[in-house]
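Bear in mind the structure is a predicted one, so any value in this text is a computation, not a measurement. Chain naming here is simple, since letters A, B, ... match the order of the sequence lines and numbering starts at 1 in each.
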Amino acid sequence: MQTTSAGPYTVPPMQSGPEIILSERLLEAMRHAFGAALPPDADPLLAVSKNPEFGDFQCNAAMSLGKAMGISPRAAAERIVSALNIDDVALPARIAGPGFINLTLRPEALASALDAMDDGALGLPPPPPGARETIVVDLCGVNLAKQMHVGHLRATVIGDALARIWERLGHRVIRQNHFGDWGLPIAMVTERVKRLAEAGRVDLDSLTLEDLEGHYRAAQRDCDADERGLRAVERFGLGPKADAEVRTQVEGAREATARARQALVALQAHEPGHVRVWERISEVTLAACFENCRRLHATVTREATAGESTYAHELAPLVEDLLARRVAEVDDGAVIVRLDEFGIKEPCLVRKRDGGFLYATTDMAGIRRRVQGLGADRAIYAVDARQSLHFRQVFAASKKAGYARRAGGSDATLLHAAFGMVLGEDGRPFKTRSGENVRLSDLIDEAIARAELAVAQKNPDLPADERRAVAEAVGIGAIKYIDLSSDRSKDYVFSFDRMLAFEGNTGPYLQYALVRVRSILRKAHLEQGIHEDSLGGPGRPGLLIAAPEEKTLALAALKFPATLRGAGEACEPHRLCAYLYELASAFSAFFAACPVLSTPDERVKRSRLRLCRLTGRILRDGLEALGLVPLERM
RNA sequence: GCGCCCGUAGCUCAGCCCGGAUAGAGCGGCGGUUUCCUAAACCGCAGGUCGCAGGUUCGAGUCCUGCCGGGCGCGCCA
């Protein structure tokens, strides 16, 4: 489903620094070597070498080019290399294997590329005004009178990370928390709470979300009669007693459902008594939601929250509009939008036979509001992968209806950033032992408690209040990172032990790498009077890239801008995670092999301090783009 | 029945969009490193029919087809 239309602005190719130069030079050489015979779409196919013995970059164009030119790949490579002019940036090119062209950067070229990147924006300046997009990110998606659970964790953490990444890329981001506050189930709980409040059995002022969840379940139970049981009793003749029991139950449920329907009608008519109760329930739910999000360090606010109820009045006219313009048609009493021209066999149902609307209707109104109201160039939905068909339908139907059309006339990019399930260590959906959903707040509590134990053990000298703050940042970082670090479309296994082991590709490992950077820079200032600010700006010391660990670190640092753009474009935060882990690993190796503060050579010391500072800035930037808290100490 | 997603080391995962050299990490196992900037670290060793079978290609974990296994979904719930 993914991208269903291209945006008007394309993000620049995923290249930066020396790659651009090498690519250009190679292309020049190819033109020079083959002249008019060179296919117009010829590409140097530059890639980072996997193995250091093959140099830093490799050009893979000669193999296919040789084929196209009718010469051997090695001959093609030789012709390219002999026309290649790269002496200013790289060592002489070497041809290897079937026709790989291996390139190794000159240390000073690497240093100068790194120096160019080490500016205020770390190689990611804001886009020019014409290329600045408005991105609407749908996230969180809580439901009225219900606790947040692991499912909301992903919608919140991934959605927030995508929002942060796009913000970091310089675009205008609007978050939308699509709040499930409308419909029959909502009316059910509202009716029950109102009735109990009037009977003096519920105090609206002291209502908690736990209470509400109980009422929600009770209301649902009341309405959820065993209709099938009744049929079974009738069919198998289980006796008058069973028959009467089931009949009474079903009758009660029908009554409860009827009351809920009346409550829904009252809510739709803005009857003050019902509305007051409903608003109170809504308040309690959202307060808990915002508190969870605050603890998660995810930006979800009241301003960014739009309940389904805010679309309620738009639905009838929307369907009428679809019918009037023949986008939709009546089928078996229901209103549907056919989507065969989009390759979707299942039509999108927008009005039931009984006149009621469906969530597809609301979501179409949502797309219209995002694109035509909020001005979205892209609308991104961080929602469970099980909704894939639903979003394909809604996106297609919205395009067919013209609701995704922007002021410029082209359609906005609509993307379902689908995510998989959270599994327990047994490989089954993550639940408590009794089979209940795990509450998000419990998950957060446990992660922080476990992190606090670890912090107390590893760094007992940390003052208690800082320990608490570090434990929060680390515990929550661990939860968020494990969620963000694997391909979002896949299920992943939730394990406190693994995410808090602080080894390998984890949030704490990244935070720790930054702490080590900060520690060096702090000591440089306190013990040697070298202020961090002296390492940047016009009078900054030069970069000397000599040791292999320095080189690996420098090459890793250079990949930051392209990686962040790629992660945004694909809406895949795990790319940024993998990159930051690579950078942190490179730094750790550098840290172990290259002394900084004790280096006698002042120029080497300053150069290494600059490498530390740059690494720290990228780590901080990256952690913030993921929604993890950077730390000074841990 | 149809559709979508997934299948890579004992375990947890990258790599697949856009095909390139001996398929990478982490955990776990084994062995090393601390008079030195946070060892929550670093270095090394062992460990893989990339689900199976065809096909395309000079070259396939990556692209195409079929199959097997697992998950999810498929108008009148959201």
Side-chain angles (χ1 to χ4, degrees), chain A residues 1-2 14 43 45 47 49-51 53-54 58 60 63-64 66-67 72-73 96-100 102 143 180 182-186 308 331-337 344-354 356-360 362-363 384-390 392-393 418 420-421 423 425 427 429 454-455 457-459 474 482 485-487 489-493 495 497-498 500-506 508-509 511-513 515-524 527 566 570 574-575 577-578 581-582 585 588-599 608 612 633-634:
Chain A
M1 65 336 343
Q2 306 295 317
M14 282 182 50
D43 185 321
L45 297 172
S49 295
K50 280 184 198 152
N51 189 329
E53 82 180 75
F54 301 136
Q58 63 184 62
N60 297 328
M63 277 81 78
S64 56
K67 180 90 175 164
S72 81
F100 298 106
N102 292 332
N143 294 303
W182 207 241
L184 194 59
I186 303 326
E308 288 176 353
D331 186 88
D332 195 20
V335 179
I336 61 167
V337 180
I344 304 171
K345 284 190 216 104
E346 300 84 350
C348 184
L349 187 66
V350 293
R351 195 172 73 193
K352 299 190 282 183
R353 212 171 352 183
D354 69 3
F357 303 105
L358 297 107
Y359 74 139
T362 310
D363 279 337
D384 194 325
R386 284 174 294 194
Q387 306 291 330
S388 285
L389 176 60
H390 166 70
R392 284 213 303 147
Q393 291 177 310
M421 282 188 298
L423 305 178
E425 289 183 75
V455 174
Q457 192 192 338
K458 303 286 184 186
N459 194 351
V474 168
I482 200 170
S485 59
S486 65
D487 184 333
S489 71
K490 294 190 190 179
D491 298 344
Y492 77 94
V493 176
S495 157
D497 287 334
R498 197 153 36 79
L500 282 159
F502 305 158
E503 284 146 2
N505 189 9
T506 67
Y509 178 84
Q511 286 169 319
Y512 176 61
V515 160
R516 301 220 282 185
V517 169
R518 296 308 308 162
S519 179
I520 290 180
L521 292 172
R522 206 164 48 236
K523 288 203 164 155
E527 294 171 7
H574 82 280
R575 296 195 196 190
C577 294
Y581 179 57
E582 182 194 336
S585 301
S588 291
F590 163 84
F591 184 93
C594 304
V596 179
L597 297 176
S598 59
T599 298
R608 289 184 174 170
C612 290
R633 261 185 294 270
M634 64 190 271

**Q** Check the distance between C18(B)'s C1' and Met63(A)'s CE and give it to me in whole angstrom.
**A**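 Distance, rounded to whole Å: 15 Å.
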**Q** Do the non-hydrogen side-chain atoms of Asn459(A) and Met634(A) ever get within less than 4.5 Å of each other?
**A** no
**Q** Of the options G73(B), A14(B), A78(B), whose atoms approach the side-chain atoms of Leu389(A) most closely?
**A** G73(B)
**Q** Considering only G75(B), C37(B), C72(B), which nucleotide approaches the side chain of Pro347(A) most closely?
**A**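 Nearest to the side chain of Pro347(A) among the choices is G75(B).
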**Q** Report yes if the ring of Phe54(A) lies under 5.5 Å from the six-membered base ring of A21(B) with planes under 30°, and no otherwise.
**A** yes
**Q** A39(B) phosphate, OP1 or OP2: any side-chain N/O from Lys458(A) under 4.0 angstrom?
**A**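 Result: no.
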**Q** Return the minimal non-hydrogen interatomic distance between Ser588(A) and Arg516(A), and the atom names on each side.
**A**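 Here Ser588(A) and Arg516(A) meet closest at OG-NH2, 3.5 Å.
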**Q** In the structure I gave you, are the side-chain heavy atoms of Gln393(A) and Leu389(A) within less than 4.5 Å of one another anywhere?
**A** yes
**Q** Write down the distance separating the C1' atoms in U12(B) and C64(B), rounded off to the nearest Å.
**A**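 About 31 Å, rounded to a whole number of Å.
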**Q** Tell me the interatomic distance from Glu425(A), atom CD, to C27(B), atom C1', rounded to whole angstroms.
**A**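 It works out to 12 Å between those atoms.
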**Q** Under the 3.5 Å rule, do the base of C6(B) and the side chain of Asp491(A) count as making a donor-acceptor pair?
**A** no
**Q** Calculate the interatomic distance between Leu423(A) atom CG and G70(B) atom P; express it in whole Å.
**A** 16 Å
**Q** Please work out if Ala513(A) contacts a base, only the sugar-phosphate, or nothing of the nucleic acid, heavy-atom cut-off 4.0 Å.
**A**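 Nothing, no heavy atom under 4.0 Å.
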**Q** Which comes earlier along RNA chain B counting from the 5' end, the contact point of Pro429(A) or that of Gly333(A), where each point is its nearest nucleotide?
**A** Pro429(A)
**Q** So which nucleotide from A21(B), G71(B), A25(B) ends up closest to the side chain of Met421(A)?
**A** G71(B)
**Q** Mind checking the C1' distance from A53(B) to G71(B)? Whole angstroms is fine.
**A**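 Nearest-Å result for A53(B) against G71(B) at atom C1': 23 Å.
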**Q** Side chains of Arg386(A) and Met421(A): does their closest heavy-atom pair fall under 4.5 Å?
**A** yes
**Q** If I take atom CD in residue Gln58(A) and atom P in nucleotide G20(B), what distance separates them, rounded to the nearest angstrom?
**A**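 Checked: the CD to P distance equals 9 Å.
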**Q** From Cys612(A) SG over to Phe591(A) CZ, what is the distance, rounded to the nearest 0.5 angstrom?
**A** 8.5 Å
**Q** Say you draw a straight line from CG of Asp363(A) to CD of Glu308(A); how long is it, rounded to the nearest 0.5 Å?
**A**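 So the CG of Asp363(A) and the CD of Glu308(A) are separated by 7.5 Å.
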**Q** Would you kindly give the CZ-to-P distance between Arg522(A) and C37(B), to the nearest whole Å?
**A** 13 Å
**Q** Mind calculating the distance between CZ (Phe590(A)) and P (C37(B)) to the nearest angstrom?
**A** 15 Å
**Q** Could you give the distance separating A25(B) and U33(B) at their P atoms, to the nearest angstrom?
**A**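 About 23 Å, rounded to a whole number of Å.
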**Q** Is the base of A21(B) touched by the side chain of Asn102(A) through a donor-acceptor pair closer than 3.5 angstrom?
**A** yes
**Q** Please check the phosphate of A14(B) (OP1 and OP2 only) for any side-chain N or O of Tyr492(A) closer than 4.0 Å.
**A**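 For A14(B), OP1/OP2 do not have a side-chain N/O of Tyr492(A) under 4.0 Å.
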**Q** Could you check which of A78(B), G75(B), A40(B) has an atom nearest any side-chain atom of Asp331(A)?
**A** G75(B)
**Q** Looking only at the side chain of His574(A) (C-beta and beyond, no hydrogens), which of the listed nucleotides G15(B), U12(B), A41(B) gets closest?
**A** G15(B)
**Q** With rounding to the closest Å, how many angstrom separate the C1' atoms on U62(B) and A14(B)?
**A** 14 Å
**Q** Could you check whether any side-chain heavy atom of Ser485(A) comes within less than 4.5 Å of a side-chain heavy atom of Tyr581(A), counting everything from C-beta outward?
**A** no
**Q** Rounding to the closest angstrom, what is the interatomic distance between G54(B) and G15(B) at atom C1'?
**A**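 To the nearest whole Å, 24 Å.
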**Q** Taking atom types as they are modelled, would you say the side chain of Asn505(A) forms a donor-acceptor pair with the base of U12(B) within the 3.5 Å cutoff?
**A**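 Check fails, no donor-acceptor contact within cut-off.
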**Q** Taking only the side-chain nitrogens and oxygens of Arg516(A), find out if one of them lies under 4.0 Å from OP1 or OP2 of A39(B).
**A**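 Checking Arg516(A) against A39(B): at least one side-chain N or O falls below 4.0 Å of OP1 or OP2.
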**Q** Can Tyr512(A) be called stacked on A41(B) when the rule is centres closer than 5.5 Å and an angle between planes below 30°?
**A**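 Stack criterion not met.
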**Q** Mind checking the C1' distance from A23(B) to C16(B)? Whole angstroms is fine.
**A**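 One C1' to the other, the span is 12 Å.
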**Q** Could you tell me the separation between the CD1 atom of Ile482(A) and the C1' atom of C11(B), rounded to a whole number of Å?
**A**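 It works out to 13 Å between those atoms.
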**Q** Could you measure between the two P atoms, the one in C63(B) and the one in C45(B), and give it in whole Å?
**A**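 One P to the other, the span is 31 Å.
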**Q** Where does G20(B) land, syn or anti, once you apply the within-90°-of-0 test for syn?
**A**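 What G20(B) shows is an anti base, its glycosidic angle lying more than 90° from 0.
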**Q** 5'-most contact on RNA chain B: Glu53(A) or Val596(A), nearest heavy atom basis?
**A** Glu53(A)
**Q** Between Ile336(A) (CD1) and C74(B) (C1'), how many Å, whole number?
**A** 15 Å
**Q** Roughly how many Å apart are A39(B) and C13(B), using the C1' atom of each and rounding to a whole number?
**A**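 C13(B) and A39(B) have their C1' atoms separated by 25 Å.
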**Q** Given G28(B), C43(B), C2(B), which nucleotide is nearest the side-chain atoms of Ala589(A)?
**A** C43(B)
